[in-house]
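I have placed the structure first, in the form of structure tokens, so that the comments after it can refer back to it.
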Amino acid sequence: MNGSRRGEKAGWIGGWLGSFLWVGLFACVWVARGRVLAGIVGGALFVLAVAFVFALAPWRHPACPFWKLALPLYGVAAAAVVVAIVTEGGFAMAGLSPWSLFLLLPVLMPLLSGGGRRWQDGGA
């Protein structure tokens, strides 16, 4: 992470990795509970997310809008939520209702607020 805009780079990497940490932890818990298939799928989604965080980093694609770079990461997150809900026995067993999905709407705000911005638009 040499060079300029070090804070933005750390924010991209740290923010996305932090937001997927639960997937890796759940995968470990599922394996420990004997739900090996769910653990493997969760682990694979976690590895895919980590790969996407670095491969889709905006400084690697400076002319691409942020929303295009973030969309695959949101897709992996959505898949992880589905796997978690199914593995835990559905909405009711996970302590959720279908209305709980509306609580995820604020997560999509970055797509609306800064999604059209590109890496080349910022900086010094």
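Across Ala70 and Leu111, no two heavy atoms sit closer than the pair CB-CD2, 4.1 Å. Taking both residues in full, the closest heavy atoms of Gly116 and Pro65 are given as O-CB, 4.1 Å, listed atom of the first, atom of the second, then distance. The shortest heavy-atom contact between Ala27 and Gly43 is CB-N, 3.4 Å. In terms of heavy-atom proximity, Ala84 sits nearest to Trp22 at CB-CZ3, 4.0 Å.
Within the 4.5 Å cutoff, the side chain of Arg35 has heavy atoms near those of the Glu88 side chain. Side-chain contact check for Trp59 versus Arg5: every heavy-atom pair is 4.5 Å or farther apart. Counting heavy atoms from C-beta outward, Trp30 and Val41 have side chains that stay 4.5 Å or more apart.
Atoms CZ and OG1, on Phe26 and Thr87 in that order, are 9.5 Å from each other to the nearest 0.5 Å. If you take CG on Leu48 and CG on Leu73, they are separated by 8.5 Å, rounding to the nearest 0.5 Å. Atom CG of Leu17 and atom CZ of Phe54 lie 5.0 Å apart (nearest 0.5 Å). Interatomic distance, Leu104 CG to Tyr74 OH, rounded to the nearest 0.5 Å: 10.5 Å. Cys64 SG to Gln120 CD: the interatomic distance, rounded to the nearest 0.5 Å, is 10.0 Å. Once rounded to the nearest 0.5 Å, the distance linking CD of Glu8 with CH2 of Trp119 reads 4.5 Å.
Each of Val53, Val50, Leu56, Val76 was checked for a side chain to side chain contact (heavy atoms under 4.5 Å, CB included) with Trp16, and the lone residue meeting it is Val53.
The hydrophobic cluster containing Leu25 does not contain Val86, counting ILVMFWY residues as joined when their side-chain heavy atoms lie under 4.5 angstrom apart, directly or transitively. Linking Ile, Leu, Val, Met, Phe, Trp and Tyr whenever their side-chain heavy atoms come within less than 4.5 Å leaves Val29 and Leu37 in two separate clusters. Hydrophobic cluster membership is shared by Trp99 and Val107, with clusters built from Ile, Leu, Val, Met, Phe, Trp and Tyr side chains linked at under 4.5 angstrom. Residue Val23 is not grouped with residue Val47 when hydrophobic side chains (ILVMFWY) are merged at heavy-atom distances under 4.5 angstrom, including chains of intermediate members. Hydrophobic cluster membership differs between Ile13 and Leu21, with clusters built from Ile, Leu, Val, Met, Phe, Trp and Tyr side chains linked at under 4.5 angstrom.
Under a 3.5 Å cut-off, the side chain of Arg117 and the backbone N or O of Phe66 do not form any donor-acceptor pair.
Other residues, nucleotides and ligands place no more than 12 heavy atoms under 6.0 Å from the CH2 atom of Trp67.
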